[in-house]
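First the proteins, then the strands, lettered A, B, ... as listed; each starts at 1.
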Number of protein chains: 2
Amino acid sequence: MPNQPDPVLRLLWRHDAGEPEGPRRGRKQRLTVDDVVDAAIRIADRDGLAGLSMRLLATDLGLGAMSLYTYVPGRDELLALMVDRALGRRELPAMPDDLPDRMALIARVQYEELQEHPWLLEISGLRAWVGPGASDRYEWQLSGLEGVGLDDIEMDQTVALLSGFVGSVVQAQQRIRQDERTSGLTQAEWWAANADELDVVMAGRAYPLAGRVGAAAGEAYQAATDPAREMEFGLARIIDGLMSYIEDKQAAER
Amino acid sequence: MPNQPDPVLRLLWRHDAGEPEGPRRGRKQRLTVDDVVDAAIRIADRDGLAGLSMRLLATDLGLGAMSLYTYVPGRDELLALMVDRALGRRELPAMPDDLPDRMALIARVQYEELQEHPWLLEISGLRAWVGPGASDRYEWQLSGLEGVGLDDIEMDQTVALLSGFVGSVVQAQQRIRQDERTSGLTQAEWWAANADELDVVMAGRAYPLAGRVGAAAGEAYQAATDPAREMEFGLARIIDGLMSYIEDKQAAER
DNA sequence: ATCTATTCCGTACGGCGTACCAAAAAGTTA
DNA sequence: TAACTTTTTGGTACGCCGTACGGAATAGAT
């Protein structure tokens, strides 16, 4: 015996339950759900998830705080709608012919999206709702991997591998940005200001590799004008690994 | 002119500023910072970051709420201490001889740790403090990659690639667990209960690939008794890609 | 004109992090 | 021993948060 279907699905897919058309009773809503979600995305883009409160959003929309709850059952559901709409608003470019290029494109789209909507990475304890945006995106990602010799599970894992990697790169970048914002110092300035203190505090413990590598990495990321460069190394290795797996598999089948 | 050093560093490294030794004035602290941090980790392991409030932690320790603030300046700093202590408490196994094994070990340690302390993935907006636990860990990770032909920046990026990938795998696993917890249904049950509703709500939109692949992936993950298997595919591809890069580089140098 | 369904929104509750302050306890000094 | 100084302790309170509740306003149906 199946349970009740999940009511949030109707909202995600903007499916007005039951009512076929025509005017309905009661007072009219001044806004649409999309208005609400778009405003929420705008705020979160600027101030992060922590800066998005129901009261602020309501005020921003010219509503009383509690009126929001006629559009959306609660904050978590609003976040789910934001995620799906952010995914859905982006238009998905045509897949190129070359397979490695298709993999890189899947990663690049994810990368740009996370740059644009950093709060996507802040959402962690939330359920993974199936909405139109997520579905379109997943379908598009898979279309870049269809027919190359991967089985279904491998296709899913490949998508997960590519977008998971991008997520971790952007998260690392954002942590750096966060450090600079809250300390008011650039990475270089922070290390300069704390070098003596670190010497004192480490009190004899030596980090030969970490010291050397950390300094080199710090300088390199500092100098990087184009932050996308930080992604290149890992992405190239991943695509290499995927391509050689696919080629081996094709060779074995022949 | 350098700014003031960061006061949290003293705390992270448990460096009692100034006072060399001997009895100090004033009332004695009933507990140590480690007591506080360990209790916080215990709570977060069980209930997640959302379940860890300052009041609850204080009560758990037999303190009044505000007494916590003599051990720790605030909640964010407590989280930083928790992260570093969680990293530091794990003992790091010796690196094996084989390079691919060393890479796999770096990933496996990260994997086990995130399973043990899922809240590590919930911490996102926080600064990346340099503590003894993080430093030991980074040094250990780098020791597995030293002398194989990678330059410093590549070593850093390789560590980031491996542990970033593991993070995304565990995060995906946890999202599934979260879905099952809040919906009260297993993945299979949820899809069964919502299949009809999804048909209605999707209203003609077709997802040929997503439907096929999603179903296959869902079944596979369902059946997986050992969740570590979900990591194998991606990790194998990454290590392949890294190894072939290193081998090419060594060949070019010779 | 009345009824009913719906949206709007003011008020309020419990929980959060934490600022502030007075009381308690320990070492130092007289 | 008594007075002073320093530190911990913990009660109270402030301003946020998400949101439950209920009454007022507004729309179509009768």
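Using a 4.0 Å cut-off, no side-chain N or O of B:Y71 falls inside it from OP1 or OP2 of D:dT8. At C:dT7, none of the side-chain N or O atoms of A:S67 fall inside 4.0 Å of OP1 or OP2 (strictly under the cut-off). Dashed line: the shortest gap from a side-chain N or O of A:Y69 to OP1 or OP2 of D:dC21 is not under 4.0 Å. Regarding contacts with the backbone of D:dT9, a side-chain N or O of B:T70 is found under 4.0 angstrom from either OP1 or OP2. Remark: A:R25 is not in phosphate contact with C:dT4, judged by side-chain N or O atoms under 4.0 Å from OP1 or OP2.
No contact: A:L57 has no heavy atom under 4.0 Å from any strand. Residue-level contact check: A:G26 touches the bases, meaning some heavy atom is under 4.0 Å from a base atom. Within 4.0 Å of A:L52, counting heavy atoms only, lie sugar-phosphate atoms of the nucleic acid but no base atom.
Protein atom CG of A:L68 is 15 Å distant from nucleotide atom C1' of C:dG10, rounded to whole Å. Rounded to whole Å, atom P of D:dT7 lies 19 Å from atom CG of B:L31. Distance, B:D47 CG to C:dC16 P: 12 Å, rounded to whole Å. Whole-Å rounding puts the A:Q29 CD to D:dA25 P distance at 20 Å. Remark: P of C:dC16 and CG of B:L56 are 8 Å apart, rounded to the nearest angstrom. We find that CE of B:M54 is positioned 10 Å from P of C:dA19, with the value rounded to whole Å.
No hydrogens or angles considered: a donor-acceptor pair under 3.5 Å links the side chains of A:Q178 and A:R181.
In summary, of the residues considered (A:Q110, A:Q115, A:R108), a side chain to side chain donor-acceptor pair (under 3.5 Å) with A:E112 occurs for A:R108 alone.
With the nearest nucleotide of DNA chain C identified for both B:R27 and B:E77, B:E77 has the one nearer the 5' end. Heavy-atom nearest nucleotides on DNA chain D were determined for A:R75 and for B:G64, and the one closer to the 5' end corresponds to B:G64.
Using a cut-off of 4.0 Å between Lys/Arg side-chain N and Asp/Glu carboxylate O, B:E139 and A:R205 are scored as not salt-bridged.
Of the candidates C:dC8, D:dA13, D:dC17, the closest approach to any side-chain atom of A:R30 belongs to C:dC8. Here the side chain of A:K28 is nearest to one of C:dG10, D:dA27, C:dA5, namely D:dA27. Closest to the B:M66 side chain, of the nucleotides D:dT12, D:dT9, D:dG18, is D:dT12.
Counting atom types as modelled, B:R55 pairs no side-chain N or O with a base atom of C:dG15 as donor and acceptor under 3.5 Å.
Under the 3.5 Å distance criterion, the side-chain polar atoms of A:R75 are matched with a main-chain donor or acceptor of A:L52.
Minimum interatomic distance between A:G74 and A:Y69 (heavy atoms only, all atoms of both residues): CA-CE2, 3.8 Å.
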